[in-house]
Chemist: 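Please read through the structure below; I'll follow up with questions.
Counting begins at 1 with the first residue of the sequence.
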Amino acid sequence: MSTARIYQRPKNAMSSGRARTSIWVLDFAPAEPKVPDPLTGWAGSGDTRDQVRLTFPTQEAAVAYAEREGLAFTIVPAPERTLKLQSYADNFR
């Protein structure tokens, strides 16, 4: 039985916009550890579920999919957004 993680995408730290942060994502836990390839040295494994990332419009839709497919899942709550309020004059104190 494979396990999945359901979470809401965080805001990109490199931009001020919040686009696509309302999307819920379901991705799978790795079934086997990554090992270095003897020829190239790149890390890899035979687990192809690592490449699968499903998106849903709501948390309920993601949970319904996981239950329908018989997946064990954990829901990671979105971090609460905090605003740092300051004025422009605070830069000169």
Side-chain angles (χ1 to χ4, degrees):
M1 181 182 231
S2 56
T3 59
R5 178 176 67 134
I6 298 173
Y7 62 95
Q8 198 170 16
R9 291 179 60 152
K11 183 183 94 56
N12 186 352
M14 302 304 289
S15 67
S16 61
R18 292 193 319 261
R20 295 174 34 184
T21 57
S22 63
I23 296 174
W24 286 84
V25 178
L26 182 142
D27 58 5
F28 296 96
E32 59 185 55
K34 295 192 181 214
V35 293
D37 183 58
L39 182 61
T40 62
W42 294 358
S45 70
D47 182 23
T48 57
R49 286 192 164 205
D50 186 39
Q51 303 168 10
V52 177
R53 180 169 291 143
L54 303 173
T55 59
F56 298 91
T58 62
Q59 177 184 352
E60 291 79 21
V63 169
Y65 174 82
E67 289 174 346
R68 185 178 72 232
E69 296 298 320
L71 300 172
F73 62 92
T74 58
I75 298 174
V76 180
E80 190 163 327
R81 212 173 86 195
T82 59
L83 298 175
K84 183 179 174 187
L85 300 175
Q86 68 181 37
S87 67
Y88 181 68
D90 290 341
N91 293 331
F92 302 103
R93 292 186 186 181

Chemist: Compare all side-chain heavy atoms of I75 with those of Q59 and state whether any distance is below 4.5 angstrom.
Modeler: yes
Chemist: How far apart are the closest heavy atoms of P33 and S45, and which atoms are they?
Modeler: O-CB, 3.8 Å
Chemist: About how many Å separate CH2 of W24 and OG1 of T58, when rounded to the nearest 0.5 Å?
Modeler: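 Rounded to the nearest 0.5 Å, the OG1-CH2 separation comes out at 9.0 Å.
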Chemist: Side-chain contact, heavy-atom cut-off 4.5 Å: V25 with R53?
Modeler: yes
Chemist: Specify the closest pair of heavy atoms between F73 and A66, including all atoms of both residues, with the distance to one decimal.
Modeler: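 Reported closest heavy-atom pair: CD2-CB, 3.6 Å.
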Chemist: Indicate, with yes or no, if L71 and V52 share a hydrophobic cluster defined by side-chain heavy-atom contacts under 4.5 Å among Ile, Leu, Val, Met, Phe, Trp and Tyr.
Modeler: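 Both belong to a single hydrophobic cluster.
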Chemist: In the hydrophobic clustering that connects Ile, Leu, Val, Met, Phe, Trp and Tyr at side-chain heavy-atom distances below 4.5 Å, which members other than F92 occupy its cluster, ordered by chain and number?
Modeler: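 Besides F92, the hydrophobic cluster comprises Y88, listed by chain and residue number.
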Chemist: Does the side-chain contact (heavy atoms from CB on, under 4.5 Å) test come out yes or no for V76 and Q8, once each step is laid out?
Modeler: CA-CA 8 Å; V76 180; Q8 198 170 16; over 6 Å; no
Chemist: If you define the side chain from C-beta out and look only at heavy atoms, does anything of F56 sit under 4.5 Å from I6?
Modeler: no
Chemist: Taking side chain as C-beta onward, heavy atoms only, is F28 less than 4.5 Å from R5?
Modeler: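 Contact flag for F28/R5 side chains = no.
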Chemist: From D90 CG over to L85 CG, what is the distance, rounded to the nearest 0.5 angstrom?
Modeler: 10.5 Å
Chemist: Out of curiosity, Q51 CD to D27 CG, how far, rounded to the nearest 0.5 Å?
Modeler: 13.0 Å
Chemist: Between K34 and D50 (salt bridge meaning N to carboxylate O under 4.0 Å), is one present in this structure?
Modeler: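 So K34 pairs with D50 through a salt bridge.
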Chemist: Can you tell me how far CG of L26 sits from OH of Y65, rounded to the nearest 0.5 angstrom?
Modeler: 7.0 Å
Chemist: Hydrophobic clusters here meaning ILVMFWY residues chained together by side-chain heavy-atom distances under 4.5 Å, can you tell me if Y7 and V63 are in one?
Modeler: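 Different clusters.
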Chemist: Please check: side-chain N/O of T40 versus main-chain N/O of D37, any donor-acceptor pairing under 3.5 Å?
Modeler: no
